[in-house]
Amino acid sequence: MGHITVGIDLDARPDEVWRVVERIERHVEWMADAVAIRFETEQTRGAGTRFVCDTRVGPLRLSDRMIVTEWTPGVAMGVDHTGLVTGSGRFTLAALPAGRTRFTWEEELRFPWWLGGPVGAFAGGLLMRAIWRRNLRRLAALVARERDQAA
């Protein structure tokens, strides 16, 4: 099992960050490892939304099936991974002073045996942590652009 947590402080209020994060189809704009998102339900927002995220990390490609399990606007979004890699993930947004937001991304992932099982989860966790930190910097830039355009 691999537990990964990364976070970043953003120069935007939680509602401004949520406006970017709630658009699941646009996660490919800030997640370097996400290639495409395909919805499996008519619903594209809220608990019960099902989607597949095609991911690529180096030569490894897989389709990560997810279902949104938690949806609290401006506060949290949670998913269960139900494909080859299983587990759960959660984004949380916490208000900070001066109109800023602490964005935290947590994942608890289980890898199949052919991806190394627990050893693969540990090694993959180190790699994913680095990729996701870069993703959070990309999220910060996207939030800033969206905020500037709205002003």
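Values below: every heavy atom of this structure, side chains too, minus hydrogens, waters and symmetry copies.
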| task | Tell me whether L139 is reachable from I24 by hopping between hydrophobic residues (I, L, V, M, F, W, Y) whose side-chain heavy atoms are closer than 4.5 Å. | result |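 As far as the 4.5 Å side-chain criterion goes, L139 and I24 are connected within one cluster.
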| query | Out of curiosity, does V28 fall in the hydrophobic cluster containing V52 (side-chain heavy atoms, cut-off under 4.5 Å, transitive links)? | reply |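 No; tracing contacts between hydrophobic side chains, which count when under 4.5 Å, never links both residues.
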So, taking the atom named [atom1] in [X] and the one named [atom2] in [Y], what distance separates them when rounded to the nearest 0.5 Å?
| X | Y | atom1 | atom2 | result |
| --- | --- | --- | --- | --- |
| T5 | W132 | OG1 | CH2 | 9.5 Å |
| R65 | D80 | CZ | CG | 14.0 Å |
| R19 | R13 | CZ | CZ | 6.5 Å |
| S88 | H3 | OG | NE2 | 9.0 Å |

| task | With sequence neighbours excluded, give me every salt bridge (Lys or Arg N to Asp or Glu O under 4.0 Å) pair touching residues 53-64. | result |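 For residues 53-64: R38-D54.
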| field | Passing candidate, salt bridge (Lys or Arg N to Asp or Glu O under 4.0 Å) with R90, options E106, E70, E108 | value |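 Of the listed options, the one satisfying the test is E70.
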| query | Are side-chain heavy atoms of P73 and E22 found at a separation under 4.5 Å? | reply |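 Counting from C-beta outward, P73 and E22 never come under 4.5 Å.
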| request: Evaluate side-chain contact (heavy atoms from CB on, under 4.5 Å) for W105 paired with M31, printing each intermediate quantity in order. | output: CA-CA 12 Å; W105 182 354; M31 292 182 177; 3.8 Å; yes
What pair of heavy atoms forms the shortest contact from [X] to [Y], and how long is it?
| X | Y | answer |
| --- | --- | --- |
| I4 | R129 | CA-NH2, 3.8 Å |
| E107 | G89 | OE1-CA, 3.3 Å |
| T101 | P14 | OG1-N, 2.9 Å |
| E29 | R138 | O-NH2, 3.3 Å |
| R134 | A32 | NH2-CB, 3.3 Å |
| M77 | V21 | CE-O, 3.5 Å |

| request: Step by step, work out the side-chain contact (heavy atoms from CB on, under 4.5 Å) result for R145 and L142. | output: CA-CA 5 Å; R145 275 195 312 274; L142 180 59; 3.3 Å; yes
| field | Mutual orientation of the aromatic rings belonging to F103 and W30 [parallel < 30°, tilted 30-60°, perpendicular > 60°] | value |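 The arrangement is perpendicular - the two ring planes meet at more than 60°.
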| field | Derivation of the side-chain contact (heavy atoms from CB on, under 4.5 Å) call for R50 and Q43 | value | CA-CA 8 Å; R50 291 180 180 270; Q43 171 181 323; over 6 Å; no
| said: So does L62 get a backbone contact from the side chain of T55, meaning a donor-acceptor N/O pair under 3.5 Å? | reply: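 Yes; at least one donor-acceptor contact below 3.5 Å.
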| said: Tell me every residue that passes ring-ring contact (aromatic ring centres under 6.0 Å, His included) with W18, counting only those two or more places apart in sequence or in another chain. | reply: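 If we apply the ring-ring contact (aromatic ring centres under 6.0 Å, His included) test to W18, skipping adjacent residues, the hits are W71.
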| query | side chain to side chain contact (heavy atoms under 4.5 Å, CB included) with A140: which residues, sequence neighbours excluded? | reply |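 For A140 the side chain to side chain contact (heavy atoms under 4.5 Å, CB included) partners, ignoring immediate neighbours, are I8, L10.
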| Salt-bridge criterion met for R100 and E16 (N-O under 4.0 Å) |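 Here R100 does not pair with E16 in a salt bridge, since their nearest N and O are not under 4.0 Å apart.
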| request: For V79 and V68, run side-chain contact (heavy atoms from CB on, under 4.5 Å): C-alpha distance rounded to whole Å, both residues' side-chain angles, the deciding distance at 0.1 Å, then the answer. | output: CA-CA 4 Å; V79 299; V68 177; 4.2 Å; yes
